[in-house]
2 protein chains.
Amino acid sequence: MTIAEVSKEYNLTPDTIRYYEKEGLIPRVPRNKSGIRDFDENSCRWIEFIKCMRNAGLSIEVLSKYVKLMGEGPKTASERKKLLEDQRDILLKKQKDINETIDRINHKIQIYDDIVKGKREDYILEP
Amino acid sequence: MTIAEVSKEYNLTPDTIRYYEKEGLIPRVPRNKSGIRDFDENSCRWIEFIKCMRNAGLSIEVLSKYVKLMGEGPKTASERKKLLEDQRDILLKKQKDINETIDRINHKIQIYDDIVKGKREDYILEP
DNA sequence: ATATCATTTAGAGTATACTCTAAGTCAAGT
DNA sequence: ACTTGACTTAGAGTATACTCTAAATGATAT
């Protein structure tokens with residue numbers, strides 16, 4: 001698979017994919033004789049995995065560290081576990097923050113709905 | 001309330017608070033005769049609100065827009081409602097992404113736990 | 001009166017994560 | 001042979017959100 005195909009498949013620009021490889025977010029992608037990347041299934045799985053993690057907000061630095069540990073073999077398993085636990089805890093916190101914010105926003109939407117329908121007066125400058 | 005007190009109360013640096021005011025994330029804070037900010041209850045409520053929104057990931061640009069609309073009075077109520085609905089939809093998507101990622105991470109943690117306990121072999125370079 | 005300390009501003013600097021540019025290589029089509 | 005078009009690289013540029021610096025001002029303590 002060429003970088004253009006992978007780009008389309010995962011909706012990431014070729015630049016981003018190359019950047020991810022350079023930063024070590026995905027292990028070295030196989031190349032053909034002229035040095036052009038030829039993504040195999042494993043590379044694609046990595047890209048999908050990294051995209052998922054990035055969508056949730058994990059940093060380039062953390063993901064790079066994780067891939068590095070993967071490359072160092074079984075002896076890093078417990079360190080990888082710790083890293084994932086830390087990131088999960090951060091995501092659980094983020095989940096809480098987002099839930100709280102959604103609730104507040106929904107409450108405000110309700111108020112604006114009332115205002116728009118003339119059932120309520122608008123606020124002044126209060127949040 | 002001085003900026004130092006507000007900084008402590010909401011765990012934001014004075015620089016960040018000044019930056020938020022400059023970018024219009026909070027309406028103009030009252031000043032004393034020598035030009036020093038003297039945060040009243042309304043300013044504090046705004047800061048708490050903005051902090052909550054920023055924690056959930058709403059951008060400076062969007063929040064600045066929202067505060068600007070607030071300042072323009074009741075006629076912008078429906079525009080504000082639309083803005084909040086858009087942001088809520090983004091947060092709902094983010095929530096989904098995070099849930100998916102937490103599930104995947106938990107699954108991996110389980111696998112690493114087995115590996116660390118010698119119940120399973122480590123993977124090679126698969127995500 | 002003077003030193004100390006918090007505050008103010010404008011504007012420069014930093015971190016993160018891309019995104020673009022320029023110059024070059026290579027395979028395929030005409 | 002030559003153009004086209006996709007790919008390559010290093011490195012510069014951009015967007016976002018702070019964070020720091022420097023110089024000035026004002027209130028308080030000695």
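A, B, ... follow the sequence lines: proteins, then strands. Residue 1 opens every chain. Scope of the values below: all heavy atoms of this structure, side chains included, with no hydrogens, waters or symmetry mates.
Atom-to-atom, CG of Asp38(A) to P of dA6(D) comes out at 18 Å; the value is rounded to the nearest Å. Whole-Å rounding puts the Glu21(A) CD to dA10(D) C1' distance at 15 Å. Going from atom CD1 of Ile17(A) over to atom C1' of dT9(D) covers 16 Å, rounded to whole Å. With rounding to whole Å, Asp15(B) atom CG is found 14 Å from dA22(D) atom P. Separating the CD1 atom of Ile3(B) from the C1' atom of dG26(D) is a distance of 16 Å, rounded to the nearest angstrom.
Ring planes of Tyr66(A) and Phe49(A): tilted class, angle from 30 to 60°.
Base engagement by Arg18(A) is indicated by at least one non-hydrogen atom pair under 4.0 Å involving a base atom.
Between Pro14(B) and Ser34(A), the residue anchored nearer the 5' end of DNA chain C, judged by the nucleotide with its closest heavy atom, is Pro14(B). Along DNA chain D, the nucleotide nearest Arg54(B) and the nucleotide nearest Ile36(B) are compared for position; the residue whose nucleotide lies closer to the 5' end is Arg54(B). Between Lys33(A) and Thr13(A), the residue anchored nearer the 5' end of DNA chain C, judged by the nucleotide with its closest heavy atom, is Thr13(A).
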- With side chain to side chain contact (heavy atoms under 4.5 Å, CB included) as the test, would you mind laying out the steps for Cys44(B) and Met1(B) before giving the verdict? CA-CA 9 Å; Cys44(B) 289; Met1(B) 249 183 144; 3.6 Å; yes
- Task: Applying side chain to side chain contact (heavy atoms under 4.5 Å, CB included), run through Phe39(B) and Ile17(B) and close with a yes or a no.
- Result: CA-CA 11 Å; Phe39(B) 294 78; Ile17(B) 295 167; 3.7 Å; yes
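Inter-residue side-chain proximity for Asn11(A) and Lys51(A) is flagged as met; some heavy-atom pair is nearer than 4.5 Å.
Side-chain contact, Gln110(B) with Asp114(B): a donor N or O sits under 3.5 Å from an acceptor N or O.
If you walk DNA chain C from 5' to 3' and mark each nucleotide with an atom closer than 4.0 Å to a heavy atom of chain B, the marks span dT7(C) to dT9(C).
Within 6.0 Å of CZ on Arg45(B) lie more than 12 heavy atoms contributed by other residues, nucleotides or ligands.
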